[in-house]
Q: 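Sharing a structure here in structure tokens format.
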Amino acid sequence: MSLLRRIAPQLVALLILFALVSVVFPGFLSVSLNDGRLVGPVIDVLKRGAPVALLSIGMTLVIATRGIDLSVGTTMAICGAAAAAVIAAGWGLPAALAVALAAGAAAGLWNGVLVAIVGIQPFVATLILMTMGRGIAQLITEGCILTFSDAGLAFFGSGTLLGLPVPAWLWIVGGLGVAALMRRTALGLLIEAIGINRRASALAGVNATVLVIAVYVAAGLCAALAGIVVTADIRGADANNAGLWLELDAILAVVIGGNSLLGGRFSVIASILGAMIIQTIDTGVLLAGFPPEYNLVIKAVLVLMILVLQSPRIAAEWRLWRDSQRASRAAAERRQAS
Amino acid sequence: MTAKTLLTTVAALALTATAAMADGETIGFSQIGSESGWRAAETTLTRNQAEERGYQLQFSDAQQKQENQIAAIRSFIAQGVDAILLAPVVATGWDSVLAEAKEAEIPVVLLDRQVDSSDDMYLTAVGSNLVHEGEVAGQWLVDNVGDEECRIVELQGTTGSSPAIDRKTGFENAIKDHANLEIVRSQTGDFTRAQGKEVMESFLQAENGGQDICALYAHNDDMAVGAIQAIKEAGLKPGEDILIVSIDGVPDIFQAMAAGEANATVELTPNMAGPAFDALEAYWADGTEPEKFIQTESKLYTQADDPAGEYEARKGLGY
């Protein structure tokens with residue numbers, strides 16, 4: 001039950017947001033079954049939140065090693081473009097998925113080598129791919145939106161499996177899988193050790209170099225999946241816009257998930273809940289029908305409130321206040337008794 | 001040996017010079033870069049137009065940087081071109097380089113974007129009227145809906161951008177005297193397919209699964225293409241259950257219109273060079289000063305205008 005305690009703040013925030021959105025859009029929680037697939041705003045949240053949720057899985061691991069990966073949004077564009085190009089060339093779906101995932105892994109390897117072996121600061125090392133990667137994606141698509149009509153690839157964006165949208169399955173299965181891998185084996189502990197003190201962990205026998213490269217590769221693979229989802233969704237690779245600024249949403253999801261940017265202890269599940277919190281805000285703003293000028297302001301205010309409520313400083317102050325209240329009440333009771 | 005090489009070079013140069021003169025005027029074109037498919041099409045059409053008219057086109061891609069454009073214009077002036085086409089990346093900071101061109105008596109024509117220098121610094125500007133585009137789109141809807149109640153949803157461009165503001169204003173102008181037409185929801189889709197689809201999904205959720213929506217107005221075709229997919233996935237027929245009108249005229253919307261999934265688009269023509277060359281020819285012939293702003297036609301295309309043929313004609317232009 002320690003997991004439940006760990007993710008309690010995120011769960012509470014999500015429930016409060018559900019209630020808030022329900023106030024401005026009463027039908028928010030209604031879900032209906034339509035030709036064997038669930039339909040409703042909440043299902044849209046699960047589906048639309050998929051790219052950031054997928055990115056946040058890899059981002060959590062990278063941040064746990066005290067790194068950061070700014071290139072994931074761009075990697076999405078590259079992988080989406082690669083998948084669309086392979087499909088358009090007629091090589092078939094398995095090849096498209098394989099090429100996209102390989103491109104994601106290659107991007108992760110590039111970042112990982114720059115960080116772990118060359119020793120460049122993660123912020124700078126991943127900034128390189130963030131800025132130049134869109135050029136690579138544009139080279140693949142030759143500057144236009146590369147469209148395709150392959151139903152197999154489109155299934156990853158708009159298909160349905162057992163009632164739920166396929167993108168939702170991807171992050172649910174991926175998130176639970178990675179969380180189990182981290183907690184059922186020593187892998188999570190080793191990554192945390194690197195984040196807390198890479199030198200000490202290396203001296204203690206952790207192969208820090210390989211593990212750091214591995215987490216960037218994992219982030220690249222997550223970005224590849226997210227890239228496949230957004231490309232499949234619109235049945236076209238948009239090199240200019242796919243994944244634009246999503247790296248920042250992914251970092252925000254990790255932070256809302258209560259993970260420290262200084263590395264160490266992490267929770268993949270909490271980060272995914274953070275991604276769902278962000279998507280609930282986005283979808284809620286769209287459903288509420290406010291003028292678009294307010295979108296970003298509303299988002300900023302809600303995110304600020306969630307982060308303030310989660311701040312350790314505020315929590316400590318609150319605990320102090322609660323304890324003092326309790327103590328004074330106890331003292332009052334003692335006085336009455338005597 | 002050296003003398004011989006020199007002689008050949010001089011001969012070759014002289015030959016090129018005569019060839020250039022025989023081929024007509026030399027025109028320098030400073031393009032912003034390749035930010036979008038539309039701009040790529042503009043470049044292609046400018047090259048085609050120049051070739052048709054027998055001009056030598058000096059093309060310079062500025063990669064979205066003003067300093068590159070200024071450098072390109074200076075080099076055009078140094079080469080002594082007969083005219084300069086400029087698609088300015090930003091509105092400000094052109095005074096000195098335009099003054100240099102004026103001093104060298106080289107006419108400058110602005111393409112599709114404006115500058116805030118005084119208008120005697122350039123010959124003319126060719127562009128579309130964004131408000132008018134919105135009006136054409138709105139008028140199409142007014143003409144096609146008749147007296148029926150019509151609840152419209154609107155996909156806006158990037159919040160605060162001039163196309164988004166002007167295309168919204170134009171559309172509202174066209175429908176304001178018709179009480180049966182009403183915009184019930186309006187959100188930004190950032191001019192992208194992905195956002196167009198996501199926002200359309202929320203419109204459908206909010207409007208009784210789309211049953212209450214009669215028409216969609218999208219500020220560009222890409223958002224409309226995304227929205228069409230959302231409508232299809234919601235089990236409705238785009239183009240029939242929900243009328244779709246958008247602006248730009250990119251190839252993919254013609255494909256959608258050919259499939260009956262979109263109803264109308266207002267073309268933002270990438271052929272800005274045609275009117276520019278017409279104006280230049282008149283100016284060279286007898287010094288006719290054109291109007292300071294030449295408005296391109298905002299042509300309406302519907303399903304009746306052979307969308308399949310229009311798609312074929314456009315797909316090779318680099319959109």
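We name chains A, B, ... by the order of the sequence lines, and we start the count at 1 in each one.
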Q: Do Gln195(B) and Thr188(B) have side-chain N/O donor and acceptor atoms under 3.5 Å apart?
A: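 Side chains of Gln195(B) and Thr188(B): no pair found under 3.5 Å.
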Q: Heavy-atom distance under 4.5 Å to chain A: side chain of Asp222(B), backbone, both or neither?
A: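 Side chain only.
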Q: Is Arg39(B) salt-bridged to Asp61(B), going by a charged N under 4.0 Å from an acidic O?
A: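 Result for this pair is no, no salt bridge flagged.
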Q: Give, as side chain, backbone, both or neither, the part of Ala234(B) having an atom under 4.5 angstrom from any heavy atom of chain A.
A: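 Only the backbone of Ala234(B) comes within 4.5 Å of chain A.
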Q: For Gln156(B), is it the side chain, the backbone, both, or neither that has a heavy atom closer than 4.5 Å to a heavy atom of chain A?
A: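 It is the side chain, since no backbone atom gets that close.
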Q: Looking at every non-hydrogen atom in both residues, tell me the closest pair between Ile57(A) and Trp171(A) and how far apart they are.
A: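 Result for this residue pair: CD1-O, 4.2 Å.
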Q: With a 4.5 angstrom heavy-atom cut-off, could you sort out which part of Ala194(B) is near chain A: side chain, backbone, both or neither?
A: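 Contact with chain A: backbone and side chain both.
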Q: So, is the end of the Arg151(B) side chain (NZ or CZ) under 6.0 Å from the ring centre of Phe203(B) and within 45° of the ring's axis?
A: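 No; the conditions do not both hold, so Arg151(B) does not lie above the ring face of Phe203(B).
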Q: With a 4.5 angstrom heavy-atom cut-off, which part of Arg185(B) approaches chain A: side chain, backbone, both or neither?
A: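 Arg185(B) touches chain A through side-chain heavy atoms alone.
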Q: Report which part of Glu201(B) has an atom under 4.5 Å of a heavy atom belonging to chain A: side chain, backbone, both, or neither.
A: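 The answer is both parts of Glu201(B).
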Q: Using the rule given for side-chain hydrogen bond (donor to acceptor under 3.5 Å, both in side chains), can you reason through Gln31(B) versus Glu42(B), listing the C-alpha separation, both sets of side-chain angles and the distance that settles it, and then say yes or no?
A: CA-CA 9 Å; Gln31(B) 174 63 289; Glu42(B) 182 188 45; 3.0 Å; yes
Q: Just give me the residue among Thr283(A), Leu296(A), Asp233(A), Asn241(A) that pairs up with chain B most often, heavy atom to heavy atom, under 4.5 Å.
A: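 The residue among Thr283(A), Leu296(A), Asp233(A), Asn241(A) with the greatest pair count is Asp233(A).
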Q: Using non-hydrogen atoms and a 4.5 Å limit, figure out which bit of Ser186(B) sits close to chain A: side chain, backbone, both or neither.
A: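 The backbone, not the side chain.
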Q: What part of Phe290(A) gets closer than 4.5 Å to chain B, counting heavy atoms only: side chain, backbone, both or neither?
A: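 It is the backbone, since no side chain atom gets that close.
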Q: Answer yes or no: is there an ion pair linking Lys299(A) with Asp249(A), defined by an N-O contact shorter than 4.0 Å?
A: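 Salt bridge between Lys299(A) and Asp249(A), a charged N being under 4.0 Å from a carboxylate O: yes.
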Q: Is Asn295(A) close to chain B through its backbone or its side chain, or both, or neither, when contacts mean heavy atoms under 4.5 Å?
A: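 Looking at Asn295(A), just its side chain touches chain B.
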Q: Decide whether a cation-pi geometry holds between Arg235(A) and Phe148(A); the criteria are a distance under 6.0 Å from NZ or CZ to the six-membered ring centre and an angle within 45° of the ring axis.
A: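 Because its charged atom misses either the 6.0 Å distance or the 45° angle limit, Arg235(A) does not stack over Phe148(A).
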Q: Check Arg167(B) with Glu133(B), please: is the shortest side-chain N to carboxylate O separation under 4.0 Å?
A: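 Yes, Glu133(B) and Arg167(B) are salt-bridged.
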Q: Given heavy-atom pairs under 4.5 angstrom as the criterion, report whether the side chain, backbone, both or neither of Ser30(A) touches chain B.
A: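 Neither the backbone nor the side chain of Ser30(A) comes within 4.5 Å of chain B.
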Q: Which of the residues Gly236(A), Ala242(A), Gly289(A), Ser158(A) is involved in the greatest number of heavy-atom pairs with chain B at under 4.5 angstrom?
A: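 Max contact count across the listed options: Ser158(A).
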